[in-house]
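Just below is one structure, and these are the notes that go with it.
In this chain, numbering begins with 1 at the start of the sequence shown.
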Amino acid sequence: MSKFLSFFKRASFSFVLINVFTAALGFVRSFAFMKFLGFEELGLITMVNTTASLLSLFQIGLINGGYRIIALGHEKAIEKTNNNILSFLIIVSGGVFVITAILILLNVIKDYTTAFISISIGVLLLFNNWFTNRLIGSGKLQKLNYANSLSAIISFLCLALVYYYGFLGALICLFTQPLLFMMLSIDKTFKFTKFEIQISHLKYILRFGFIPFIAGIFSLLYSQIERWSISFILGNEELGKMYLFFIIITLWILIPNSIGNIFFPKAIKYYDVGDKKNFNKTIYNNIKIIVAYNIIGSLLLFTLLTPLVGLFFPNHLPYVYLVFLSVIGLFFRTLVDPFYLFFNSIVKLNYIFWSELISLSLYCISLLLFYIGNYICLETFIICFNIYYFSRCLISLFFYFKIRKAYIY
């Protein structure tokens with residue numbers, strides 16, 4: 001048992017390191033985009049990523065619920081779940097491409113190259129989310145590390161295309177990584193044994209995944225409202241000026257997400273067998289690590305970001321202050337994760353739903369008030385960003401203290 005725990009800790013540590021490594025490559029890639037593309041093209045790249053992320057809505061919570069089933073480790077349920085989810089994703093992917101083709105033929109979509117690449121990235125991300133959850137839930141972190149690192153390295157090498165082909169080269173870079181990851185992450189023990197759509201089993205999966213999915217829609221809606229609002233009200237060039245801010249958000253949540261993926265399978269197993277002591281320890285360890293991460297991360301941002309951006313990307317230096325204004329929101333963005341881990345583990349998912357719904361409502365009200373008051377600028381969106389994540393964490397904290405005694409003592 002001690003050897004297994006030692007191996008798991010090593011694999012978990014490697015998992016976090018690989019995620020940091022791939023993020024570092026992504027960070028360099030994003031700054032290469034900033035170096036070789038104009039603000040207008042950066043705005044378009046942001047919209048490509050935004051469009052691709054929209055396709056995550058089509059999984060309707062199956063990936064979330066399937067993750068929990070995989071983590072519990074019951075082999076028959078795992079095979080059936082894998083077949084049903086992959087079959088569902090195949091149907092959804094085919095439907096999305098058909099709809100896109102029809103819209104192009106009707107001349108609704110005119111830039112068909114960008115549209116197809118955006119949709120392809122979104123479809124690949126759908127499958128990759130399931131493959132990632134599948135490998136994490138089954139403890140196959142080494143396989144995941146291999147797929148993550150190699151796909152990131154090859155995608156990074158494609159950066160030369162950005163120098164020669166500009167925006168098209170950037171699209172190829174974005175497409176390459178999820179494609180390679182899907183190919184590399186396929187595992188024989190989780191092979192697709194048959195095409196299977198069983199409504200009763202899909203309903204069973206959704207018992208665990210639908211409410212987190214709905215909560216995820218609220219979170220996705222926030223980013224969609226933010227970016228489309230900037231694009232329509234202020235223009236794509238102003239959206240491009242937020243590119244540094246978007247990069248920092250992506251990097252900021254990477255380590256907490258990796259840590260959460262490590263804690264989640266352990267937490268639900270401890271809760272499933274009634275081990276309150278270790279369940280309690282898992283939740284508190286997650287909280288302590290996240291708080292420490294937030295403090296260290298904030299200090300690094302304030303000390304290193306300005307000189308690094310000034311050294312390598314001076315044209316983005318005027319917009320560093322937007323990142324500094326967002327530190328409050330960044331702090332609370334990750335602090336909510338341990339509470340969501342707690343709610344997911346004990347399957348009290350309605351608390352996640354309400355915290356997401358209320359915080360999104362407050363965000364929309366705040367943005368609307370700024371718009372009515374004729375005070376819409378980039379700083380406005382950062383203020384609303386802080387309001388959104390602060391309120392989400394505060395509401396989750398309230399629910400956590402309301403029910404924790406019944407589950408962790």
Roughly how far, to the nearest 0.5 Å, is [atom2] of [Y] from [atom1] of [X]?
X    : Y    : atom1 : atom2 : answer
L322 : I248 : CG    : CD1   : 11.5 Å
S396 : I352 : OG    : CD1   : 7.5 Å
L360 : I225 : CG    : CD1   : 5.0 Å
F339 : F401 : CZ    : CZ    : 6.5 Å
L301 : L304 : CG    : CG    : 8.5 Å
T176 : L171 : OG1   : CG    : 10.5 Å

Atom of [X], atom of [Y] and distance for their closest heavy-atom approach:
X    : Y    : answer
D337 : P256 : OD2-CB, 3.8 Å
P178 : L124 : CB-CB, 3.8 Å
S229 : L367 : OG-CD2, 4.2 Å
I287 : P338 : CG1-CB, 3.4 Å
T306 : L317 : O-CD1, 3.6 Å
S155 : C173 : OG-O, 3.1 Å

Check: N285 side chain, K281 main-chain N or O, donor-acceptor pair, under 3.5 Å: yes
Side-chain donor/acceptor of N280 to backbone N/O of K276, under 3.5 Å: no
Full working for side chain to side chain contact (heavy atoms under 4.5 Å, CB included) between L150 and L180: CA-CA 8 Å; L150 190 56; L180 289 174; over 6 Å; no
Whether F332 and F390 hold their rings parallel, tilted or perpendicular, with breakpoints at 30° and 60°: perpendicular
Parallel, tilted or perpendicular: ring planes of Y222 versus F385, cut at 30 and 60 degrees: tilted
Candidate pair Y293 and W252, rule ring pair (Phe, Tyr, Trp, His ring centres under 6.0 Å), full reasoning: CA-CA 10 Å; Y293 170 82; W252 183 270; 5.6 Å; yes
Side-chain donor-acceptor pairs under 3.5 Å in residues 375-383, sequence neighbours left out?
residue: E379; atom: OE2; partner: Y321; partner atom: OH; Å: 2.6
residue: T380; atom: OG1; partner: Y375; partner atom: O; Å: 2.8
residue: T380; atom: OG1; partner: C377; partner atom: N; Å: 3.2

Donor-acceptor contacts under 3.5 Å from residues 323-331 side chains, at least two apart:
residue: S326; atom: OG; partner: V323; partner atom: O; Å: 2.6

Partners meeting ring-ring contact (aromatic ring centres under 6.0 Å, His included) with Y351 (sequence neighbours left out): F343, F399
Centroid separation F245 to Y319 less than 6.0 Å: no
Pair F88 and W130, ring centroids less than 6.0 Å apart: no
Stepwise ring pair (Phe, Tyr, Trp, His ring centres under 6.0 Å) test for F181 and F131: CA-CA 9 Å; F181 178 86; F131 292 159; 7.6 Å; no
Audit row: Y363, R392, side chain to side chain contact (heavy atoms under 4.5 Å, CB included) steps and yes/no: CA-CA 10 Å; Y363 175 80; R392 191 172 74 156; over 6 Å; no
Side-chain heavy-atom pair K348, N350 within 4.5 angstrom cut-off: yes
Side-chain heavy atoms of I283 within contact of F263, under 4.5 Å: no
Chi angles and distances behind the side chain to side chain contact (heavy atoms under 4.5 Å, CB included) call for I358, F218: CA-CA 10 Å; I358 295 170; F218 292 140; over 6 Å; no
Heavy atoms of other groups near F97 CZ, more than 12 under 6.0 Å: yes
Residues Y340, S355; criterion side-chain hydrogen bond (donor to acceptor under 3.5 Å, both in side chains); working and verdict: CA-CA 10 Å; Y340 276 21; S355 65; 2.8 Å; yes
Between T334 and Y389, a side-chain donor and acceptor under 3.5 Å: no
